[in-house]
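Below: the structure, in structure tokens.
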Amino acid sequence: MSYFQLTSQGELVLVDSLHGVTAWTSGTGNKSVVSVVLHDDGNLVLVDAKQTIIWQSFDNPSDTLLPGQRLHVSKTLRASSKNLETSYYSLYLNASGRLQLRWESNTVY
């Protein structure tokens, strides 16, 4: 079983309780995060006391884009695979705004 925890330092942590390790962190420690909000559109947001967004899942795509979510420049959307480290195919939005289909990160179509 895994669970999320918001630390007193404002870090959102995903804990793998089966193995007793931290599986992921938001990287928001000491950035004044006071709460976590899951919006109706699926965007998980960390906010400060003034409700200013400090971190949001829509800025950090993995293998799924939800309606309303944008793929920002220099971000990668990677196809799911059994290998958690890499995947054969990905979509990448380069600095000029062109969407690229990549295979193994180095072959661009």
Side-chain angles (χ1 to χ4, degrees):
M1 173 175 248
S2 297
Y3 61 90
F4 278 108
Q5 177 181 4
L6 183 61
T7 69
S8 59
Q9 294 80 29
E11 188 86 34
L12 185 63
V13 179
L14 176 62
V15 178
D16 178 347
S17 59
L18 182 63
H19 297 102
V21 297
T22 297
W24 174 85
T25 66
S26 61
T28 56
N30 299 317
K31 293 189 178 178
S32 303
V33 171
V34 296
S35 65
V36 180
V37 179
L38 180 60
H39 290 255
D40 290 340
D41 61 4
N43 193 12
L44 184 68
V45 177
L46 305 181
V47 296
D48 65 13
K50 295 179 182 177
Q51 297 301 300
T52 302
I53 295 173
I54 305 300
W55 180 94
Q56 61 182 330
S57 61
F58 272 18
D59 288 342
N60 300 277
S62 55
D63 65 353
T64 303
L65 283 179
L66 296 174
Q69 184 177 2
R70 294 186 174 116
L71 185 61
H72 295 282
V73 171
S74 301
K75 293 290 185 173
T76 300
L77 182 68
R78 191 171 312 281
S80 298
S81 80
K82 292 180 182 178
N83 181 345
L84 298 178
E85 298 291 322
T86 63
S87 178
Y88 289 112
Y89 291 98
S90 63
L91 289 176
Y92 176 78
L93 190 60
N94 69 18
S96 66
R98 289 186 174 197
L99 187 62
Q100 298 175 336
L101 175 62
R102 293 181 171 185
W103 184 69
E104 291 191 352
S105 297
N106 57 5
T107 303
V108 178
Y109 297 97

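Positions are given from 1, in the same order as the sequence printed here. Just so it is clear, the values below take in all heavy atoms, side chains as well, and ignore hydrogens, waters and symmetry mates.
In the hydrophobic cluster analysis, where Ile, Leu, Val, Met, Phe, Trp and Tyr join through side-chain heavy atoms closer than 4.5 angstrom, Leu6 is grouped together with Trp55. Leu38 and Val47 end up in different hydrophobic clusters when Ile, Leu, Val, Met, Phe, Trp and Tyr side chains are linked at under 4.5 Å. The cluster map of Ile, Leu, Val, Met, Phe, Trp and Tyr, joined by side-chain heavy atoms under 4.5 Å apart, puts Phe4 and Val33 in the same cluster. A single hydrophobic cluster is not seen to contain both Tyr3 and Leu18; linkage of ILVMFWY side chains at heavy-atom distances under 4.5 Å, directly or through other members, places them apart. Transitive grouping of hydrophobic side chains (ILVMFWY, heavy atoms separated by less than 4.5 Å) brings Leu44 and Trp24 into a common cluster.
With rounding to the nearest 0.5 angstrom, the CG atom of Leu99 is 8.5 Å from the CG atom of Asn94. Rounding to the nearest 0.5 Å places OG of Ser17 at 7.0 Å from CE of Met1. Atoms OG1 and CD, from Thr25 and Gln5 in turn, are 12.0 Å apart once rounded to the nearest 0.5 Å. Here the NZ-CG distance, from Lys31 to Asp48, works out to 12.0 Å after rounding to the nearest 0.5 Å. Atom-to-atom distance recorded for Asp41:CG and Ser57:OG is 8.0 Å, nearest 0.5 angstrom. We find the OG1-CG distance between Thr28 and Leu12 to be 7.0 Å, quoted to the nearest 0.5 Å.
Using cut-offs of 30° and 60° on the angle between ring planes, the pair Tyr89 and Trp103 is tilted.
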Side chain to side chain contact (heavy atoms under 4.5 Å, CB included) between Leu46 and Ser26, intermediate numbers included: CA-CA 9 Å; Leu46 305 181; Ser26 61; 3.6 Å; yes
Test log, rule side-chain hydrogen bond (donor to acceptor under 3.5 Å, both in side chains), inputs Asn43 and Gln56: CA-CA 7 Å; Asn43 193 12; Gln56 61 182 330; 2.7 Å; yes
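Minimum interatomic distance between Gln51 and Ser35 (heavy atoms only, all atoms of both residues): NE2-OG, 4.5 Å.
Here the side chain of Asp16 pairs no donor or acceptor atom with the backbone of Gly20 at under 3.5 angstrom. For the pair Gln100 (side chain) and Leu93 (backbone), a donor-acceptor distance under 3.5 Å is absent.
Side-chain contact check for Leu66 versus Phe58: some heavy-atom pair is nearer than 4.5 Å.
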